[in-house]
Amino acid sequence: MKNKKNFELWQVAVIGSVGLIVFLTVWEGAVRSGLIDAFFLPPPSAVLKRMIQLSTGTDAVLLRDIRVSAVRVLVGFALSALVGVPAGLLMGISPTMRAFFNPVISIIRPLPALSWIPLSMLWLGIGEEQKYAIVFMGCFASVLVYTTDATMRVDPLLSLAARNLGAKRLQVIRHVILPGALPNILSGLKVVLAIAWTCVISAEMVGANVGLGFRIWTAKEWSDTGQVLVGMISISITVLLLDILFRLVERALLPWQKHGVHR
Amino acid sequence: MTETLIKIQNVSMTFETRKGRVEAVSDFSLDIERGEFVCIVGAAGCGKSTLLNMLAGFVQPTGGSISLDGDIIKSVEPRCGIIFQNYALMPWMTVLDNVSFGPRLKYISKKERHAAARLWIEKVGLKGFEDAYPGELSGGMQQRVALSRALANEPDVLLCDEPFAALDAMTRQLMQEELVRIQRDTGKTVLFITHSIDEALLLSDRVVVMSARPGRVKAVYKNDLPHPRKMEVQISERFLELKREVWDLVQEEVMRSIRERA
Ligand SMILES: Nc1ncnc2c1ncn2[C@@H]1O[C@H](COP(=O)(O)OP(=O)(O)OP(=O)(O)O)[C@@H](O)[C@H]1O
Ligand SMILES: [Mg+2]
C-alpha cells in the first residue's frame, strides 16, 4: 500500500513510539485516578513489575514458558508445512489430485483447532505430542490450501517459455512452478504461523502444566490479573519477534522481490 | 542457393468451444527458407498467434502439417525459440540466469553456459546488467533479455509474437534495428508477427498478409528494400508503394472481419 506521505523509517519509529507512550500513559492514568479498578486491570507499571518478578529470581517461570510455547508452535508449524507444502504443490499441479482431496480438505479445514482438543487428549494425553498434533490439525489444511492456490497462480506463460527452452515436465516444476509459487507460499505460511500460536495457547489453557497459555490460565484461577497480562504481552512480543524472523527468512529466499517498498 | 527450412502445408486449426467450433486458421500454406526474415501481418484475431503456437509445438494443427528441417513438428519444439510480447522472463532469475536458462536445462556446466550467456548479453547491449532482476529493468531491456535468452538456446528459428508492441516508439525503433542486425549477423530464420506494416517492411525479406479469420495466406510480398533500412528508406518511393499495397489488402480484411462480427 502506498502512503500519501512517505515518511522516513526513523520518522515512523518516532511517531509510533509517541503513540505507544500515549497509550500506556492513558492506561496508567486511568488506573491511578481510580477510573479503573486496579484489580481488574493493573496499570502498566504493575505489569512490568510482575514481569520482572516472573523472569528473575527463584520463580523465573516466564522465560521457560515462552521457550516451551515457542517450541510447540515451531514444531507443529514445521510439521504441517513439511506435509502441507509438498501436498499442496501436488494438488496445485495435478487436477486429479485436487479433485480427489478437495472434499476431505473442505471438511477438515473449517474445524477450529479447539475442536480437536478432546480427541487429541484422549489419544495422546497432555504431553508435547498432543500439542504438536493440535497445531498440526489446526494448520495443515490451511498450509495445503495456501500452497495449492500459490501453485495454481504461477503464470502459465512462464511454463510455456520454459518448455519452449526445452524444459521437461519435472524441470518445469523445479525451475518455474516452485520458485514462482514461493512468494505466495511464504505469505500463506506467515498467516499460518499466527494460527499456530492460537492453537498452542488454546491447547495450553485446556491441558498443560507449562507454557504461556497455562500461565495465563492459572493466573486467572488465582485472580492474578497482573500475571494474566504478563502472559498476554509475552505472546505479543514473541509473535512479533517470530514475525520479524520470518520476514528475514523471506527476504533471504526472495532477493528479487522489492521488500518494504510496496507493503 | 536456398533451402526450405519450414514447410507449412494446408494447416488448419479448429477450436471446440462452448459456443461451438471456431476455425482460427484454415488451409494455410507457406514455405520459409533458411535465413529468411518473414513478417506476418493480419487483422486482430485472424489466427496469427495460433499459427505461431503450432510452429512452437504447443498445439497440434487439426489439419495439415508443419515440418522443420524435414521433421514434422509433433511436440514442443525447442528449435523454434519464441519471443513473447510480455517477455515471459523468470522474475526470480537474474539476467544472467535467465539467459543461461536454456543451456542449464540441458545440464551444460555453469561455467560454460554463463560464458556463452555473457556474450549474448553483451551483443544485445546489456553488459553490466548481468546481476539485475527483470523487475529492475525497463520493458525494452527486458525484451533484450528475452531475445538473448532465446538466442543463447541456439534455436534454428526465432518466432516473434508482436514482441515490440508494448514498447514506446523510440525503444521500438532501436529494437527493430538491433533485431535486423542480429538476424543478419547470425543468419537465423525469423518469423515475426506484427500489427504494424511499417515494422513489417522495415524488418522482413517477405511480408505475408493473412486474411480475416479463418486465417489463410491472402498475399505474399517480396520486400526488396535495400539494407540498412534507415530513415531514407522509410520515405523512399518503393517503401510507400509497398506500404500502400499491403495496407489496401489488410484494410480489406479488417473491414471484412468487422462486418462479419457485426
Ligand atoms: N485456445 C483457444 N480456444 C478457443 N478459441 C481460441 C483459442 N485460441 C485462439 N482462439 C480463437 O482463435 C482466433 C484466433 O486467435 P489468435 O490468438 O491466433 O489471433 P491473433 O491473430 O493472434 O489475434 P491478435 O492480433 O489479437 O493477437 C480467435 O478468434 C480466438 O478467439
Ligand atoms: Mg496474437
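Lettering of chains follows the sequences in order, A, B, ..., and the numbering in each one begins at 1.
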| request: Please state whether the side chain, the backbone, both or neither of B/R149 comes within less than 4.5 Å of a heavy atom of chain A. | output: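 Contact with chain A: backbone and side chain both.
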| Which bit of B/L89 is near chain A, if near means a heavy-atom gap under 4.5 Å: side chain, backbone, both or neither? |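 Just the backbone, heavy atoms under 4.5 Å.
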| task | Specify the closest pair of heavy atoms between A/V154 and A/I177, including all atoms of both residues, with the distance to one decimal. | result |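 For A/V154 and A/I177, the tightest heavy-atom pair comes out as CG2-O, 3.8 Å.
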| task | Would you give the length of the straight line joining atom CE of B/M90 to atom CZ of B/F101, rounded to the nearest 0.5 angstrom? | result |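 The distance works out to 5.0 Å.
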| field | A/Q257 CD to A/L186 CG distance, which is reported to the nearest 0.5 Å | value |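 The CD atom of A/Q257 sits 9.0 Å away from the CG atom of A/L186.
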| message | Taking side chain as everything from C-beta outward and backbone as N, CA, C, O, which of these in A/L160 sits under 4.5 Å from a heavy atom of chain B? Side chain, backbone, both or neither. | response |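 Interface part for A/L160: both.
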| field | Among the listed options B/C80, B/P91, B/A56, the residue most often paired with chain A at heavy-atom distances under 4.5 Å | value |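 Highest number of pairs under 4.5 Å: B/P91.
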| query | Among B/P78, B/G57, B/G135, B/A152, who wins on heavy-atom pairs under 4.5 Å with chain A? | reply |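 Most heavy-atom pairs within the cutoff with chain A belong to B/P78.
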| said: Tell me whether the count of non-hydrogen atoms from other residues, nucleotides or ligands lying under 6.0 Å of NZ in B/K127 goes above 12. | reply: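 Counting neighbours around NZ of B/K127, 12 or fewer heavy atoms of other residues, nucleotides or ligands fall under 6.0 Å, so no.
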| request: With ring-ring contact (aromatic ring centres under 6.0 Å, His included) as the test, would you mind laying out the steps for A/F77 and A/F140 before giving the verdict? | output: CA-CA 8 Å; A/F77 171 74; A/F140 167 74; over 10 Å; no
